[in-house]
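Note sheet for the following structure.
Numbered from 1 within each chain, the chains take letters A, B, ... in sequence-line order. Quick caveat: nothing in here was measured; it's all calculated off a predicted structure.
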Amino acid sequence: MAKVNRPQVSVEDHERLARKLGVSSAGEELTVEELRRVIDTSDDEEFASMGEAVRDELRGELDDDLIERELSELATQLQRLPEVREAGIPDGETEPETLYRELVAPGWRIYDHLVETGFFESVEAALPRFTPEHIERTAHGLIRSEPLAAALEECGFDERERTVLVMNVVNNNNRLARWTPTKDIPDEVEFNVEDVPPLQQRAMGGSLLWVKNLDIHLWQKKFLITDEILDDGYWDVKAMLGGLYVMATAAHAIATDGSLSDEQLAAALSASTAIMITNQEEIVKDMFWITEEMRKPSTLR
Amino acid sequence: MSIDEDRAVKAAQDTVVRETDNGYRVLGAPEKSVTHQHDIDRIPEKDVTQEMLSESGQNPEAWLVYGGNYEQHRHTTCEIITPENVGELELEYEMSVGSGSSMEGTPLIVPGDPPIMYQSNGPNHIKAIDPREGEVLWSYTYAVPNDVVLCCDDNNRGPAVYEDKVFMTTLDSGVVALDRYSGEEQWYHSTADHERGYSATWAPQVYEGTLFTGSAGGEYGVRGFHTAIDTETGDEVWNTLLSPETEWVGDSINQSGTTNWMGATVDEQRGKLYLPMGNPGPDFDGSVRPGPNRNSIGTMCLDMETGEHEWFHQESAHDVWDYDSAMPRIVIRDVEIRGKERDVTVSVGKTGWLYTTDAETGELLVRSEPLCQQLNMFRMIPHIDEGRRVPFMPGGMGGNDWQPGTYNPELGISYHKLHNSFQEAWWRFEEFEAGKKYWGGILEDETEAEPEGYNGHISVITAVKPLTGEVVWQDWIDSDVYLWGGTMSTKTGLMFAGNQNGEMVGYDGESGERLWEYDAGDAPISGDPMSWYDPGTEKQYVAIQVGGSGWLRRGKRDDRLLVFSMEE
């Protein structure tokens with residue numbers, strides 16, 4: 001049971017992280033604290049200008065009281081995760097009782113507010129698509145941002161988990177590159193671009209939908225669900241909510257015009273997007289696409 | 001009069017369906033729909049009542065609804081043909097229906113003297129036939145607009161009947177009602193704009209004066225719906241969008257697919273409809289439609305009176321393989337399962353599993369053993385580009401695509417036709433235009449390699465127990481073309497199915513032994529077998545349509561209706 005509810009990280013993951021950040025791992029498990037000490041600390045003005053652009057665009061638009069209240073609620077929900085895992089599958093005779101949906105209730109309220117205020121459009125307009133260069137900048141910004149580390153610590157992410165969130169950003173170049181910002185889908189190609197929400201909205205909205213649907217999914221498919229499936233999904237849920245917390249923290253910083261520098265703001269917006277994208281692709285594999293090998297054996301044959 | 005002089009047949013023959021880069025396009029259709037009457041006086045003017053529809057499954061003289069009964073068992077209670085004598089089953093006659101396009105449907109039989117068969121095929125051609133003689137009494141061809149586009153051939157999978165009317169869905173996303181006795185058009189109802197990519201190919205369902213019809217166009221960026229229509233007037237009763245706003249991110253719902261392109265199953269005891277649900281849109285690019293994408297790919301339950309959503313069970317969340325779940329749902333009543341007596345719904349989708357769910361709640365009770373091979377399944381193909389192709393099974397064709405299965409309540413076994421083939425898929429950007437194909441990726445049938453462990457058989461017919469998920473037997477089939485069409489079981493323990501090698505086969509339902517085979521030539525049999533007893537001739541008949549269909553590896557076209565018989 002040692003690995004239960006813990007993000008699974010391999011030596012290769014650590015080596016890849018070290019390689020991409022240009023630091024030496026020496027076969028050791030890296031931590032955010034160690035990375036902060038060894039990576040380049042010079043200012044990145046171009047990256048900071050992205051944060052500044054978002055801040056300028058949204059100044060006065062966001063409700064700091066609402067976001068602060070829901071951030072607090074979200075932190076409370078994150079603290080509830082162990083008891084949700086303990087419950088595992090929602091009870092209910094004819095339909096599932098609310099279990100996972102409660103986790104995302106504050107997240108939905110934040111999301112709705114951000115949709116109403118045009119937050120996602122502004123963020124997408126300011127940030128570039130995920131390229132290796134932008135991902136590296138994002139990772140540097142995330143690692144160097146002590147306020148973000150503190151925020152994640154407050155809502156229940158330990159040092160190892162915070163490092164894994166950094167890995168979610170750094171180690172997924174190809175995966176993140178496939179999530180194209182709506183503004184970068186050329187008008188003359190692909191589908192009706194007008195109906196594609198901004199990338200950051202897809203990241204947050206998708207994460208909320210995955211967690212919300214766990215109630216009905218697990219309840220309906222209880223005869224397929226194993227403890228391993230629940231354990232694997234635990235981290236995916238926590239990471240998505242953590243990503244959401246970081247994005248909401250950035251929104252709060254914009255609303256209050258403080259607490260994060262422009263560079264930290266850009267890092268928070270970009271990193272949270274990457275974390276939510278990566279982990280919604282993990283949860284579908286860990287909990288929803290249940291192969292013959294993953295399922296609980298049938299008791300009927 | 002021969003059908004050579006039949007104007008409706010001629011109109012259907014002139015209606016050409018041409019494959020283009022954007023799917024199938026209908027050309028040369030008549031400007032106005034055409035009815036040609038032959039000997040319509042032979043049709044008994046006795047209306048089909050609701051009672052007759054409700055008892056269709058128990059009446060060996062009738063096949064009044066698409067699935068034989070509302071529960072879609074495709075099971076005949078006629079007991080003349082048995083495992084012991086099926087070897088003597090002979091061809092009574094074969095008739096050319098005159099239009100050799102898609103032949104995927106189920107004919108209906110209205111009992112009488114003579115019984116009347118209503119038989120349809122692509123492109124939107126329907127006939128009333130005296131099945132004793134194989135003679136056409138009237139025929140009708142719908143005037144399909146020339147700008148209709150279709151993903152997957154010009155299919156029409158069968159009509160519905162009620163009172164004095166026969167109903168047919170139309171390729172331009174409509175329903176047409178004809179006078180059953182004369183073939184004359186009564187009303188037409190358009191359910192959606194075909195220029196947006198909507199179409200209709202399935203057999204509609206009718207219950208107590210309301211017709212139920214769905215939506216197709218999931219490859220063209222549409223949003224799925226289900227519609228109820230008054231059978232007398234053609235007016236809409238309700239229309240329900242199938243993908244909920246609360247389950248999609250922002251405007252992605254506007255082109256969410258999530259259609260139901262095969263007919264609903266009517267649960268008259270509960271007052272519910274069970275819909276087989278198709279893919280989310282776009283097919284392969286999941287990044288523009290994050291989340292599980294409910295209510296795509298699974299079983300959707302609606303209230304029959306209001307169209308309100310009741311429950312949904314999903315078979316492939318956030319699907320990126322085009323794993324539609326199109327087989328009409330089978331309902332099995334009053335079964336003891338997991339310690340409780342209940343009614344259940346049964347589906348087999350492209351995923352290749354059978355799912356048995358509680359009809360009241362949608363709770364999954366049984367997921368069967370795999371009914372076909374599953375190799376490299378549920379791999380994350382959005383992150384595979386053309387340079388890193390991985391063949392996966394089931395491929396985008398399934399598994400079980402639309403092929404309707406049969407359930408034998410005496411044996412507790414259902415029978416399903418599945419593809420056992422692999423494909424590759426990867427992302428690419430592609431041009432979007434309303435009504436144009438919208439896949440967001442490539443599905444490649446000609447793969448670079450086959451998956452490790454592939455058994456080499458392109459198709460399989462699998463017998464399975466829906467209450468336990470146990471596979472009872474499998475008949476693996478080799479061919480260069482795909483397997484389409486449905487199956488039919490008999491109270492005497494037989495199971496009939498045609499296949500792509502032109503064989504019509506009578507199986508022992510328990511063992512899978514081929515007890516009888518008929519060689520229909522080199523054209524695939526893509527229709528659904530059905531059966532009736534005619535007290536006037538004292539014979540049991542089995543009928544099936546012959547001809548290649550579909551959009552890929554469909555084989556040779558044909559236009560024959562085969563009718564087999566055995567005397568009492």
Side-chain angles (χ1 to χ4, degrees), chain A residues 92-96 108 111 115 120 172 174-175 177-180 182 185-199 201-210 212-213 216-217 219-224 276-277 280-281 284-285 287-292 294-295 298-301, chain B residues 221 246-256 281-282 285-294 311-314 316-318 337-338 353 357-358 360-370 374 377-380 382-383 385 427-434 438 440 465 467-470:
Chain A
E93 190 62 31
T94 59
E95 61 182 3
W108 280 117
Y111 171 86
V115 169
F120 295 114
N172 288 291
N174 289 334
R175 179 182 291 196
R178 292 284 179 191
W179 284 67
T180 311
T182 308
I185 302 174
D187 287 342
E188 70 276 17
V189 296
E190 191 123 310
F191 22 77
N192 190 354
V193 182
E194 285 180 3
D195 288 331
V196 179
L199 179 66
Q201 186 180 352
R202 285 182 267 151
M204 187 186 283
S207 296
L208 290 166
L209 286 172
W210 283 114
K212 167 191 172 180
N213 271 280
I216 189 71
H217 170 71
W219 181 84
Q220 282 186 333
K221 293 188 170 62
K222 59 174 78 74
F223 298 115
L224 302 182
M276 288 189 280
I277 287 173
Q280 64 184 274
E281 292 198 339
V284 67
K285 289 189 285 187
M287 301 192 86
F288 285 80
W289 293 342
I290 303 171
T291 62
E292 210 51 16
M294 288 164 68
R295 67 162 290 175
S298 172
T299 56
L300 297 174
R301 55 181 182 267
Chain B
T246 51
E247 295 291 345
W248 288 71
V249 175
D251 291 339
S252 64
I253 199 165
N254 293 338
Q255 43 196 355
S256 54
D285 181 349
S287 79
V288 299
R289 49 169 172 83
N293 303 135
R294 293 168 74 93
W311 55 257
F312 171 70
H313 174 264
Q314 193 164 41
S316 181
H318 190 74
I337 184 164
R338 297 203 183 272
W353 284 298
T357 49
D358 187 302
E360 190 65 30
T361 65
E363 182 185 9
L364 179 67
L365 302 168
V366 179
R367 192 178 83 177
S368 73
E369 300 176 71
Q374 296 170 329
M377 187 180 178
F378 284 157
R379 296 272 296 271
M380 191 69 182
H383 304 296
D385 53 36
W427 266 11
R428 73 166 189 185
F429 288 132
E430 61 185 30
E431 194 169 342
F432 175 84
E433 197 176 316
Y438 168 76
K465 293 183 175 176
L467 302 189
T468 65
E470 176 194 354

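- Rounding to the nearest 0.5 Å places CZ of B/Arg294 at 14.0 Å from OG of B/Ser256.
- With a threshold of 4.5 angstrom between heavy atoms, B/Ile253 does not approach chain A through any atom at all.
- The heavy-atom pair separating B/Leu364 from A/Phe223 by the smallest distance is O-CD1, 3.2 Å.
- Evaluation of the ring-ring contact (aromatic ring centres under 6.0 Å, His included) rule for A/Phe120 yields A/Tyr111 as partners, not counting sequence neighbours.
- Between B/Glu369 and B/Lys465 there is no salt bridge, since no side-chain N of the basic residue sits under 4.0 Å from a carboxylate O of the acidic one.
- Of the listed residues B/Ser252, B/Gly362, B/Pro290, the one with more heavy-atom pairs under 4.5 angstrom with chain A than any other is B/Pro290.
- Only the side chain of B/Trp353 has a heavy atom closer than 4.5 Å to any heavy atom of chain A.
- When all heavy atoms of A/Met276 and A/Ser207 are compared, the closest pair comes out as CB-OG, 3.3 Å.
- Contacts with chain A were tallied for B/Glu360, B/Met377, B/Gln314; B/Gln314 has the most, counting heavy-atom pairs under 4.5 Å.
- The contact between B/Glu247 and chain A is made by backbone and side chain atoms together, counting heavy-atom distances below 4.5 Å.
- Using a 4.5 Å cut-off between heavy atoms, A/Leu199 makes no contact with chain B at all.
- Heavy-atom distances place both the backbone and the side chain of A/Gln201 under 4.5 Å from chain B.
- Using a 4.5 Å cut-off between heavy atoms, B/Thr357 does not touch chain A at all.
- Between chain A and the options B/Thr361, B/Val249, B/Val366, B/Asn254, the largest number of non-hydrogen pairs under 4.5 Å is found for B/Val249.
- For chain B, the option among A/Met204, A/Lys222, A/Glu93 with the highest count of heavy-atom pairs below 4.5 Å is A/Lys222.
- Between A/Glu292 and B/Arg367, some side-chain heavy-atom pair lies under the 4.5 Å cut-off.
- Every residue two or more places apart in sequence or in another chain that forms a ring-ring contact (aromatic ring centres under 6.0 Å, His included) with A/Phe288 is listed here: A/Trp210, A/His217.
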